[in-house]
Peer 1: 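Submitted below is the structure of interest, expressed as structure tokens.
Only heavy atoms go into these numbers, but all of them, side chains included; no hydrogens, no water, no symmetry mates. Given the structure is predicted, the values throughout are model-derived calculations rather than measurements. In each ligand, atom 1 is the first atom listed, and ligand 1 is the first ligand listed.
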Amino acid sequence: MMQDTHQLRCTGCARVIAYEDLKDTFRCPECGELYEVEYPAWSASAATAAKRNFPNPSALRWLWKERRASTDPKDQSGVWRFREVLPILRDEENIVSLREGNTPLYTLPRAGRESGVAELYAKHQGMNPTGSFKDTGMTAALSVARERGFSWVACASTGNTSAAMAAYAARAGMRSLVLIPQGKIAWGKLSQAVDYGALTCQLRTDFDGCVRVLSEVVRRAPVYLLNSVNPYRLEGQKTPALEIAEEFDWHAPDHLIVPGGNLANSSALGKAFLEMKHLGLVERVPKISVIQAEGANPLYRSMQSSDGRELAPVEAHTRASAIRIGNPASWKKAVRVVHATGGWVEQVSEAEIALAKAEIGAEGIGCEPASAVTLAGLKKFVAAGKVDSSETVVLLLTGHTLKDSDYTIHYHRGDLLREDERDPLRAEIEATRRNPVELDADADQVLRALDRAAGL
Ligand code: F0G
């Protein structure tokens with residue numbers, strides 16, 4: 001009998017199950033922990049893995065590059081281009097793709113100079129089809145849902161997961177159910193979910209409350225859960241790490257900094273780099289560090305108080321609504337990645353996030369607030385002497401600036417932050433504000449504004 005290409009290993013008790021035995025909430029019935037996908041032929045954890053069966057790293061590097069010139073839709077996807085390291089489907093005909101991935105790696109020369117790092121890059125996952133990093137995970141998990149014959153998919157979301165899920169479900173001809181916290185997600189994201197035809201329920205609770213309700217819904221109705229507890233999401237979200245390695249000619253950068261919310265993304269990127277090293281695709285892994293907002297910092301607190309052994313949920317508050325999460329599902333996976341790669345967990349204030357977002361915007365790139373925690377965190381690492389000027393650092397920007405344009409307008413208008421929040425960074429913030437100037441339809445007035453802006 002042919003061996004299945006993948007199986008699932010519980011990250012708590014290490015029990016391995018066949019993928020058909022995965023239950024609706026994706027938690028181990030023995031210990032309640034989450035699963036991760038394991039490949040019997042080559043995963044480090046698999047007892048059946050033998051080096052002679054490993055794919056050849058040089059052949060893989062060549063094949064993945066060649067596919068960029070192919071016209072086959074599978075090859076044009078920045079996720080499925082790497083399908084040898086995510087063989088999760090029985091039949092590739094089930095792939096649902098919007099040509100996700102293959103996102104740009106930009107240099108950030110000004111932010112690099114100002115933060116004291118010579119080689120600073122932004123891997124911009126906001127340049128995906130629905131404007132966030134969620135697309136790479138969604139193409140993977142939604143294709144699995146289609147292969148398993150589901151007609152409904154569902155998620156609880158702070159906005160980006162729901163936008164991505166709704167789009168991919170629509171492409172597949174499937175229906176989608178979205179649970180979002182009422183009044184707590186950015187308009188751009190809500191508009192996407194309804195535009196793509198999701199049944200969108202705004203619940204009078206927070207994100208963590210939506211997760212609780214959804215876990216009951218999936219037990220009582222035949223809907224497929226697409227939150228990041230779904231291990232297939234993480235397989236798709238590995239691919240930005242492969243792209244980063246490829247862009248550095250298969251040498252890992254020194255440091256990769258990611259925002260932390262539900263903590264799946266840091267886990268996925270860590271899994272990818274550790275697998276790449278195991279397969280001989282890269283020689284070493286980067287440090288992977290996770291940054292949280294001060295008001296939504298359960299992982300930061302956990303690292304401070306118990307080095308990540310215990311996590312106490314918090315009631316989350318931050319204007320970076322994408323990461324307003326108090327009880328992150330994948331925290332244990334994220335702790336493992338931070339420990340395995342030698343990274344750190346840091347927290348940043350509302351003013352630090354807002355300033356960093358303006359600085360990324362001023363480079364002509366832009367991002368949503370949750371993504372800007374990465375630059376704010378880097379500045380703290382440099383100030384603490386944890387990162388030195390010769391290191392190559394990549395910030396993972398997770399969402400497009402247009403996702404939350406209200407935030408940007410309020411920042412530049414000067415009414416985003418309370419005074420006590422803004423005061424420690426008042427001068428820096430004032431220097432970056434570019435509020436629109438209201439004038440009559442008169443060239444003289446425009447010329448005077450030009451002179452003022454040029455400092456004449
Ligand atoms: N950045 C953005 C823009 C996000 O939307 C999210 C999470 C994160 C960072 C954090 O990633 O959860 O893997 O640690 N958004 C989820 C959502 C929760 O529902 O869209 P994480």
Side-chain angles (χ1 to χ4, degrees), residues 34 122-128 130-138 141 154-167 176 178-181 184-186 188-190 192-193 198 200 206-211 214 225-230 233-234 236-238 240 257-271 288-293 296-300 316 318-335 337-338 345 348 353 357 360 366-375 377 395-404 407:
L34 300 175
K123 176 68 173 166
H124 207 327
Q125 292 301 100
M127 298 299 179
N128 268 298
T130 77
S132 89
F133 73 106
K134 303 288 183 180
D135 293 344
T136 56
M138 206 48 78
C155 72
S157 180
T158 57
N160 282 324
T161 301
S162 49
M165 181 187 74
S176 62
V178 163
L179 302 190
I180 47 170
K184 293 184 182 130
I185 78 165
K189 303 174 188 180
L190 176 59
Q192 286 181 291
T200 304
D206 55 10
F207 169 79
D208 302 296
C210 291
V211 170
L214 188 60
L225 178 62
L226 281 178
N227 272 78
S228 54
V229 292
N230 182 320
R233 284 263 314 273
L234 274 62
Q237 285 177 215
K238 292 190 311 195
I257 304 184
V258 300
N262 220 10
L263 298 172
N265 201 31
S266 35
S267 317
L269 297 166
K271 185 174 192 277
I288 298 184
S289 289
V290 179
I291 317 294
Q292 297 199 297
N297 62 354
L299 182 66
Y300 175 79
T318 169
R319 293 179 187 82
S321 57
I323 51 171
R324 194 185 287 155
I325 296 174
N327 190 13
S330 296
W331 69 274
K332 286 189 182 163
K333 289 187 183 182
V335 167
V337 164
V338 169
V345 178
V348 291
I353 298 171
K357 182 178 135 47
I360 294 166
C367 63
E368 68 164 286
S371 310
V373 300
T374 53
L375 178 58
L395 308 179
L396 198 99
L397 302 184
T398 44
H400 197 280
T401 185
L402 293 177
K403 286 278 190 176
D404 192 355
Y407 182 103

Peer 1: Looking at ligand 1, does S228 have a heavy atom less than 4.0 Å from it?
Peer 2: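 No, S228 has no heavy atom closer than 4.0 Å to ligand 1.
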Peer 1: Atoms of ligand 1 less than 4.0 Å from I325 heavy atoms?
Peer 2: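 That gives atoms 18 (C) of ligand 1.
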Peer 1: Would you say the side chain of L234 lies within less than 4.5 Å of the side chain of K333, judging by non-hydrogen atoms?
Peer 2: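 Yes, close enough: below the 4.5 Å cut-off.
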Peer 1: For ligand 1, is N227 a contact, meaning one of its heavy atoms is under 4.0 Å away?
Peer 2: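 So N227 does not count as touching ligand 1.
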Peer 1: Could you tell me whether K134 approaches ligand 1 through its side chain, its backbone, both or neither, with non-hydrogen atoms closer than 4.0 Å?
Peer 2: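 Just the side chain.
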Peer 1: Can you list the atoms of ligand 1 that are under 4.0 Å from a heavy atom of A264?
Peer 2: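 This gives 13 (O), 14 (O), 21 (P) as the contact atoms.
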Peer 1: Establish, from distance only, whether the side-chain atoms of K271 and Q237 form a donor-acceptor pair under 3.5 Å.
Peer 2: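 Q237 and K271 do not have a side-chain donor-acceptor pair below 3.5 Å.
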Peer 1: So if I count the atoms of ligand 1 from 1 in the order they appear, which ones are less than 4.0 Å from some heavy atom of T161?
Peer 2: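 What qualifies from ligand 1 is 16 (C), 17 (C), 19 (O), 20 (O).
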Peer 1: Does R319 reach the side chain of Y407, with side-chain heavy atoms less than 4.5 Å apart?
Peer 2: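 A side-chain contact under 4.5 Å exists here.
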Peer 1: Go through it in stages, so that I can follow the logic: the residues are S330 and L34, the test is side chain to side chain contact (heavy atoms under 4.5 Å, CB included), and I'd like the CA-CA distance, side-chain angles, deciding distance and then a yes or no.
Peer 2: CA-CA 8 Å; S330 296; L34 300 175; 3.7 Å; yes
Peer 1: Quick one: which ligand 1 atoms are inside 4.0 Å of a heavy atom on E368?
Peer 2: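 Every atom of ligand 1 under 4.0 Å from some heavy atom of E368: 3 (C).
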Peer 1: Kindly confirm or rule out an N or O of G260 lying under 3.5 angstrom from an N or O of ligand 1.
Peer 2: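 Among all N and O atoms of G260, none is under 3.5 Å from an N or O of ligand 1.
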Peer 1: Given side chains that start at C-beta, do those of K357 and P369 come closer than 4.5 Å, heavy atoms only?
Peer 2: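 Yes, at least one pair of side-chain atoms sits under 4.5 Å.
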Peer 1: How far apart are the closest heavy atoms of T136 and Q125, and which atoms are they?
Peer 2: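 Reported closest heavy-atom pair: CG2-NE2, 3.9 Å.
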Peer 1: What I want to know is whether Q237 and ligand 1 share at least one N or O pair that is separated by under 3.5 angstrom.
Peer 2: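 Among all N and O atoms of Q237, none is under 3.5 Å from an N or O of ligand 1.
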Peer 1: Report yes if some heavy atom in the side chain of S132 is under 4.5 Å from a heavy atom in the side chain of T398; otherwise report no.
Peer 2: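 No, side chains not in contact.
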Peer 1: Return yes or no for this condition: an N or O of F207 is under 3.5 Å from an N or O of ligand 1.
Peer 2: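 No: no nitrogen or oxygen of F207 is under 3.5 Å from one in ligand 1.
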Peer 1: Can you report which non-hydrogen protein atom sits closest to atom 1 (N) of ligand 1, along with the distance?
Peer 2: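 Here the closest protein heavy atom is T398 OG1, 2.7 Å.
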Peer 1: So, does H124 use its side chain to make a donor-acceptor pair with the main chain of G366 at under 3.5 Å?
Peer 2: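 It does hold such a pair.
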Peer 1: Closest non-hydrogen protein atom to atom 6 (C) of ligand 1, residue and atom name please, with distance?
Peer 2: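 Answer, as residue, atom name and distance: F133 CE2, 3.6 Å.
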Peer 1: Side chain, backbone, both or neither: which part of A322 comes within less than 4.0 Å of ligand 1 when only heavy atoms are counted?
Peer 2: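 Answer for A322: both.
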Peer 1: Within a strict 4.5 Å, meaning less than it, do heavy atoms of the K134 and N128 side chains meet?
Peer 2: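 When only atoms from C-beta onward are counted, N128 and K134 do not touch, as no gap falls below 4.5 Å.
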Peer 1: At a 4.0 Å threshold, what atoms of ligand 1 neighbour a non-hydrogen atom of N160?
Peer 2: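 Result: 2 (C), 3 (C), 4 (C), 5 (O), 20 (O).
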Peer 1: Kindly identify the option in L234, L299, N262, I185 whose heavy atom sits closest to atom 12 (O) of ligand 1.
Peer 2: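 Looking at heavy atoms only, N262 sits closest to atom 12 (O) of ligand 1.
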Peer 1: Only heavy atoms of L263, strictly under 4.0 Å: list the atoms of ligand 1 that pass.
Peer 2: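 Those of ligand 1 that fall under 4.0 Å from L263 are 12 (O), 13 (O), 14 (O), 21 (P).
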Peer 1: Once you restrict to heavy atoms under 4.0 Å, what part of V258 touches ligand 1? Side chain, backbone, both or neither.
Peer 2: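 Near ligand 1, V258 shows nothing, with every heavy atom at 4.0 Å or more.
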Peer 1: Quick one: does D208's side chain have a donor or acceptor within less than 3.5 Å of a partner on N327's backbone?
Peer 2: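 Checked: pair present.
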Peer 1: Out of all atoms in ligand 1, which are within 4.0 Å of some heavy atom of N265? Include the element for each.
Peer 2: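 Per the distance check, 13 (O).
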Peer 1: Determine yes or no for a side-chain-to-main-chain donor-acceptor pair under 3.5 angstrom, with S371 supplying the side chain and G399 the backbone.
Peer 2: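 Checked: pair present.
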Peer 1: Minimum heavy-atom separation for Q292 and L263, please, with both atom names.
Peer 2: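 Smallest interatomic distance, heavy atoms only, reads NE2-CD2, 4.3 Å.
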Peer 1: Short list, please: which atoms of ligand 1 are under 4.0 Å from a heavy atom of I323?
Peer 2: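 Answer, ordered by atom number: 8 (C), 9 (C), 10 (C).
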